[in-house]
Amino acid sequence: MLKTLSKELKTLLNKAIVAVSSSSKDKKFDIELSLPKDKRFGNLSTNIAFQVAPIIKDSPFNTAEKIKKELLNLLISSKKRHWIESINVLKPGFINITYSRKFLNILLKLIADSPSKFKLHNIGRKKKVQIEFVSANPTGPLSIAHGRQAVVGDAVSRILKACGYDTTKEYFINDEGNQIDALGKSVMARCLELEGKDFNISEDGYQGEYLIDIAKDFIKRFGKASFSKEHLNIKKILSVYTVKLIMDGIKKDLDDIGVSMDVWFSQKKLSRTDAIDNVIKKLKRKKLIYEKDGAVWFKSTTYGDDKDRVIVKSTGEYTYLAPDIAYHENKIKRKFSKVINIWGPDHHGYIPRINAAVRALGVSDDFLEVIIIQLATLYKGGKHISMSTRKGQYITLRQLIHEVGLDVARFFFLMRKTSSHLDFDLALAKKKSMDNPVYYIQYAHARICSILQKQKEDIKRLPRCDLNQLNDARERALINALVDYPSAVESAALSREPYFLTVYLRKVAEAFHSFYHSHRVLDDDLTKTAARIKLIKATKNILHAGLNLLGVSSPTNM
RNA sequence: GCGCCCGUAGCUCAGUUGGAUAGAGCAUCUGCCUUCUAAGCAGAGGGUCGACCGUUCGAGUCGGUCCGGGCGCGCCA
């Protein structure tokens, strides 16, 4: 309904502009109807007069007045005229549109009684979108940084799905290569250590203590005797075994933070096919491959990279780029219309080359989208907690979830723009008080549930609901906040920024708490009660839907 | 040196293709629990938007130069 209305308004505005300025007939204006930052400017606002003013050589304010006049005339013959309360022109030249009471009532009833029909704009149209995220090397437990990537990826996926996209969440497992060999060696060293033999973990090895457990586990299952430094086979088996155990751990960590992947894509399996060789051949045919210094190079500069990249080392081994190009070719073959990669900031230098590769494979510029999630740093009461992966001195994602819980962890990870560093204050996250924005929102939901429960017990029958009863400023503010939901979700979807939703939900919760304190829902006046019950049901549905898109629960009592 | 992110209230941050009086939360201060959850509400104070130029009807937002902070620049993955 909201979409129908805004579409209609845009058409009418365009007609109005043509009427105002006969000269601009061929110029099509991209009219934007945005949510004003303050509700006293109405429900929708447009700055179109600023664009038209220079053309008709009049002030923005006068232009706005002229457009408004035309718009009002056009509206008379529109079926949607009853949905508009007023159109106002304000100071510099904004045109503000306010929904009618009737329209708001229709929306409110819809949200309260059949939220599934209060549709989000179907901007996705079932387009296949793949979101690849986390894809952490299986060399250790997930870090806080991975946690943020996981939660953002998951929330973006939920939000896109809600907007009509067909999403696939995917994890690329880097289960072969030098790092995996180093991992095997490190576990081998731990095994030797456990047997009291000589051992050393090399510079590029992994020193995390979690490997000791894996070593113990391995010895328990396969016995001691098999170990000596010469056993290369054992080392291989050990790598495979370790990767599997670590991946199990990673899957569990993701599960614990509410993230489930649709596809686990193994690099090793990809390597077993001819995919990598084939894709290199394909690039060769396009004359994008050459040899230099004994290595094979990909001419990524053709597509905007600042230097060409090695894909086969002089040793004959692939660099990481080779399987990754093959992986992206695989994504293309799977007919996704868009692929979103979510990476940590340490990978941003990698974007031009993978972009070059994807374009070399012949898909359009906007096929691949890379989102860099800035780091999340942990604080405890203002003190920074430093971390180092290799040395294994860090707080893992698992420990964090254990300390603050899934809901808080997820919400905190989503609270900031992905391009901003995130300060995660453990002390704040653990507080069960109003400082904690998660509880603030969940508390609103729980309060509503409690009132609804009481209403069920106390009042048997409510009179017919008249939503015009909701006439106080706070009630109207709450209604206005509720109807912005589709717009908030859409902003989050298009910008791939779930934090829009966290901000929006806070606003709704605030409007509710404020309403709650100035009005009793269960009033002696049962007509008022009936209307307010409808209002809080609608609020509950919006809070629930929004929290759900973030993967945060909506408790019925707290 | 090059590239990316950031610099807005004491702290953590919003500010949607440039737009209306620069906003929240925390912290500080003042009020509010005999009535549906006080994990709450109402209100107050707090700003040279890092600096300087420029673009224009209009700049926190765009461009340039500089200052400050974080990260990345492998035949690692």
Side-chain angles (χ1 to χ4, degrees), chain A residues 30 32 34-38 40-41 45 47 49-50 53-54 59-60 90-94 96 135 137 139 174 176-180 182 204 267 292-297 306-307 309-321 323-324 344-352 372 374-375 377 379 382 415-425 428 431-444 446-455 458 487 491 494-495 497 499-500 502-503 506-507 509-510 512-523 529 532 536 557-558:
Chain A
D30 188 18
E32 189 181 325
S34 54
L35 300 183
K37 50 178 157 186
D38 195 314
R40 80 204 135 128
F41 298 134
S45 172
N47 62 354
F50 293 95
S59 73
L90 242 79
K91 261 191 297 176
F94 293 97
N96 298 327
S135 297
N137 292 340
T139 53
N174 240 239
E176 64 176 10
N178 290 340
Q179 294 199 18
I180 299 304
D204 60 344
Q267 179 184 332
K292 197 182 86 181
D293 305 331
V296 178
W297 296 68
D306 58 347
K307 51 184 161 188
R309 307 291 170 176
V310 172
I311 52 174
V312 184
K313 301 184 222 172
S314 49
T315 59
E317 293 172 291
Y318 295 126
T319 63
Y320 176 70
L321 188 56
D324 209 25
D346 50 334
H347 282 68
H348 80 249
Y350 195 78
I351 297 173
I372 296 294
Q374 293 297 324
L375 287 176
T377 22
Y379 283 82
M415 231 166 33
R416 300 284 175 237
K417 224 178 354 184
T418 55
S419 60
S420 295
H421 292 257
L422 171 74
D423 281 340
F424 198 122
D425 191 333
L428 174 66
K431 265 197 215 168
K432 289 204 168 184
S433 72
M434 57 183 168
D435 318 5
N436 196 324
V438 194
Y439 293 120
Y440 184 84
I441 297 165
Q442 290 183 322
Y443 189 57
R447 262 185 166 169
I448 293 171
C449 291
S450 159
I451 298 169
L452 291 176
Q453 184 59 37
K454 195 159 166 49
Q455 179 255 318
D458 294 0
S487 193
S491 312
L494 292 175
S495 60
E497 288 284 9
Y499 93 94
F500 276 116
T502 66
V503 172
R506 214 205 165 274
K507 255 187 213 159
E510 188 176 26
F512 169 74
H513 286 309
S514 180
F515 154 79
Y516 172 89
H517 275 274
S518 50
H519 303 287
R520 279 191 63 81
V521 174
L522 306 178
D523 199 81
T529 300
R532 286 178 184 156
I536 65 168
N557 59 64
M558 288 172 77

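Keep in mind it's a predicted model, so treat the numbers as computed, not measured.
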Phosphate OP1/OP2 of [N]: any [X] side-chain N/O under 4.0 Å:
X	N	result
A:Tyr499	B:G25	no
A:Tyr350	B:C73	no
A:Lys417	B:G15	yes
A:Lys454	B:U35	no
A:Ser420	B:A14	yes
A:Arg532	B:C36	no
A:Lys313	B:A77	yes
A:Asn178	B:A77	yes

With a 3.5 Å limit on both atom pairs, tell me what [N] is paired to, counting Watson-Crick and G-U wobble, or say none.
N	value
B:C2	B:G72
B:U16	none
B:G40	B:C32
B:G7	B:C67
B:G46	none

Worksheet item: What do you reckon, do A:Tyr443 and the base of B:G40 stack, with centroid distance below 5.5 Å and planes below 30°?
Response: no
Whole angstrom is fine here: how far is it from [atom1] in [X] over to [atom2] in [N]?
X	N	atom1	atom2	answer
A:His421	B:C71	NE2	C1'	7 Å
A:Lys307	B:C73	NZ	C1'	7 Å
A:His519	B:A42	NE2	P	11 Å
A:Tyr516	B:C41	OH	P	11 Å
A:Arg416	B:C26	CZ	P	13 Å
A:Leu422	B:A14	CG	P	10 Å
A:Phe50	B:G18	CZ	P	14 Å
A:Arg506	B:G23	CZ	P	17 Å

So what does [X] touch, heavy atoms closer than 4.0 Å: a base, only the sugar-phosphate, or nothing?
X	answer
A:Ser314	base
A:Phe424	nothing
A:Lys507	nothing
A:Ser518	nothing
A:Ser34	nothing
A:His348	base
A:Asn557	base
A:Asp458	nothing
A:Asn47	base
A:Glu510	sugar-phosphate

Atom pair [atom1] ([X]) and [atom2] ([Y]), whose distance is rounded to the nearest 0.5 Å:
X	Y	atom1	atom2	answer
A:Ile451	A:Ile536	CD1	CD1	4.5 Å
A:Asn174	A:Ser135	CG	OG	8.0 Å
A:Asp324	A:Thr319	CG	OG1	9.5 Å

Discussion item. Checking one value: the base orientation of B:C33, syn if chi is within 90 degrees of 0, otherwise anti.
Written reply: syn
Taking only the side-chain heavy atoms of [X] (C-beta and beyond), determine which of [options] contains the nearest atom.
X	options	result
A:Leu90	B:A20, B:G40, B:U12	B:A20
A:Tyr439	B:C36, B:G15, B:A39	B:A39
A:Ser514	B:C71, B:C75, B:C41	B:C41
A:Phe500	B:A77, B:G15, B:U37	B:G15
A:Ile451	B:C41, B:C36, B:C75	B:C36
A:Asp346	B:C5, B:G72, B:A20	B:G72
A:Arg447	B:A38, B:A39, B:C41	B:A38

Practice prompt. Please check if any side-chain donor atom of A:Thr529 sits under 3.5 Å from a side-chain acceptor atom of A:Asp523, or the reverse.
Written response: no
Discussion item. Parallel, tilted or perpendicular: which one describes the rings of A:Tyr320 and A:Tyr350, with boundaries at 30° and 60°?
Written reply: tilted
Taking atom [atom1] in both [N] and [M], compute the distance separating them and give it to the nearest angstrom.
N	M	atom1	result
B:G10	B:U48	P	8 Å
B:C49	B:U30	C1'	30 Å
B:G60	B:A14	C1'	12 Å
B:C5	B:G15	P	15 Å

Worksheet entry | A:Arg447 charged N/C atom sitting above A:Phe512 aromatic ring, 6.0 Å / 45° | no
Discussion item. For A:Met415 versus A:Tyr499, what's the shortest heavy-atom pair and its separation?
Written reply: O-CB, 3.7 Å
